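What follows is one structure encoded as C-alpha cells, with my remarks underneath.
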Amino acid sequence: MKISTKGRYGLRAILDVALNEHAGPVTIHSISERQDLSERYLEQLLITLKQNALIKSIRGFQGGYILGREPESITVGDTIRALEGPISPVDCVNDNNPGACSRAELCVTKMVWDDLKNAMVKVLLKFRTPQNPCISNLKVS
C-alpha cells in the first residue's frame, strides 16, 4: 500500500488542527500557510475527514475546524482509512472484501500479506493525534 498525497496531506491537516485548535477553530487558510498546501485541495480533504467524523466545521466569522472527537481517540490509521480506504497491501487480505480471491485457501503468499497488513495496521493505530498546546508551532511534515 502506497500512501497517496491525499493521505499524507490529510494527515498533516488533521494534525495541524489538533495542534492548533486550543486557540479556537482552525481555518483552511491557516492550515494552508503552515503546511504549504493548496486551500482548494485542503477543502476536499477536510470534507472527507468531516464525513468520517474526524473533524467538525464551525460556521461563521470565527469559524474553522476542530477535532470531531477527543484527540487521544483519533489514530493515524483512522485518518488514513478515511482518506485512502482499507489498509491492505493486496486485495486478498482486504477486510472490506474478504472473498476477493478465489485462491485464498491455496495461496502460498497469503500469510505474508496478512502479516504485512497486520504490521501496517499496528503502526498506524499506535500513533494518535497530539493534544499538547505547547507544541502548537510544530510543522508536521
Side-chain angles (χ1 to χ4, degrees), residues 1-105 107-141:
M1 173 182 189
K2 182 176 179 180
I3 307 294
S4 71
T5 56
K6 184 191 288 189
R8 294 193 324 267
Y9 292 1
L11 182 59
R12 286 168 54 186
I14 198 168
L15 289 174
D16 192 286
V17 170
L19 294 171
N20 293 291
E21 73 172 348
H22 67 279
V26 182
T27 65
I28 288 178
H29 180 73
S30 65
I31 298 169
S32 172
E33 283 188 341
R34 281 190 295 271
Q35 299 303 323
D36 193 28
L37 301 172
S38 155
E39 287 186 35
R40 292 185 87 149
Y41 194 48
L42 270 173
E43 286 176 13
Q44 296 170 24
L45 299 175
L46 294 174
I47 287 170
T48 302
L49 293 172
K50 183 180 169 188
Q51 290 170 339
N52 284 273
L54 296 175
I55 60 171
K56 294 179 185 175
S57 62
I58 307 297
R59 297 170 69 147
F61 177 68
Q62 297 290 323
Y65 291 90
I66 60 172
L67 293 178
R69 308 192 307 239
E70 291 299 313
E72 62 275 3
S73 75
I74 301 174
T75 67
V76 170
D78 295 331
T79 304
I80 297 300
R81 269 195 207 99
L83 295 163
E84 300 280 353
I87 298 167
S88 177
V90 292
D91 287 338
C92 69
V93 293
N94 179 338
D95 291 336
N96 291 353
N97 194 10
C101 181
S102 61
R103 297 184 36 80
E105 297 300 317
C107 184
V108 294
T109 59
K110 187 174 185 306
M111 187 171 65
V112 172
W113 303 135
D114 269 330
D115 285 353
L116 179 57
K117 180 192 84 170
N118 292 335
M120 290 167 48
V121 168
K122 182 179 178 182
V123 169
L124 293 175
L125 294 179
K126 175 177 151 181
F127 294 98
R128 300 183 181 282
T129 55
Q131 52 187 342
N132 183 351
C134 298
I135 55 175
S136 63
N137 63 350
L138 177 70
K139 185 169 183 175
V140 180
S141 56

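One is the number of the first residue; the rest follow in order along the sequence. Remember, it's a predicted structure, so these values are computed and weren't measured experimentally.
Nearest heavy-atom pair, Gly63 versus Pro25, reported as atom, atom and distance to 0.1 Å: C-CB, 3.7 Å. Lys6 approaches Glu84 most closely through the heavy-atom pair C-OE2, 4.1 Å. Between Trp113 and Cys92, the shortest heavy-atom distance links the atoms CD1-SG, 4.0 Å.
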>> What verdict does the side chain to side chain contact (heavy atoms under 4.5 Å, CB included) test give for Leu42 and Gln35, after you've listed the backbone C-alpha separation in whole Å, the side-chain angles of each residue and the deciding distance to 0.1 Å?
In response: CA-CA 10 Å; Leu42 270 173; Gln35 299 303 323; over 6 Å; no
>> Under the criterion side chain to side chain contact (heavy atoms under 4.5 Å, CB included), I'd like the reasoning laid out for Ile14 against Leu11: C-alpha separation, chi angles, the key distance, then a yes or no.
In response: CA-CA 5 Å; Ile14 198 168; Leu11 182 59; 4.2 Å; yes
>> Apply side chain to side chain contact (heavy atoms under 4.5 Å, CB included) to residues Ile28 and Tyr65 and explain how you reach the verdict.
In response: CA-CA 8 Å; Ile28 288 178; Tyr65 291 90; 3.7 Å; yes
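Remark: Thr75 engages Asp78 in a side chain to side chain donor-acceptor pair (under 3.5 Å) (not counting sequence neighbours). Residues meeting the ring-ring contact (aromatic ring centres under 6.0 Å, His included) test with Tyr41, sequence neighbours left out: Tyr9. Under the side chain to side chain donor-acceptor pair (under 3.5 Å) criterion, Glu21 pairs with no residue at all, not counting sequence neighbours. Residues passing the salt bridge (charged side-chain N to carboxylate O under 4.0 Å, His left out) test with Arg128, sequence neighbours excluded: none.
To the nearest 0.5 Å, atom CZ of residue Arg12 and atom CG of residue Leu45 are 10.5 Å apart. Separation of atoms CD1 (Ile80) and CD1 (Ile3) is listed at 4.5 Å; rounding is to 0.5 Å.
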Listed pairs under 3.5 Å, donor-acceptor, residues 114-125 side chains, sequence neighbours left out:
unit_1	atom_1	unit_2	atom_2	d
Asp114	OD2	Lys110	NZ	3.0
Lys117	NZ	Val93	O	3.4
Lys117	NZ	Asp95	OD1	2.8
Lys117	NZ	Asp95	OD2	3.4
Asn118	ND2	Asp114	O	3.2

Under 3.5 Å, side-chain donor or acceptor atoms of residues 49-62 against the rest of the protein: list the pairs with distances, not counting sequence neighbours.
unit_1	atom_1	unit_2	atom_2	d
Lys50	NZ	Ser57	OG	2.9
Asn52	ND2	Thr48	O	2.8

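The shortest side-chain heavy-atom distance between Val26 and Arg34 falls under the 4.5 Å cut-off.
Side chain of Thr109 to backbone of Val112: no donor-acceptor contact under 3.5 angstrom is found.
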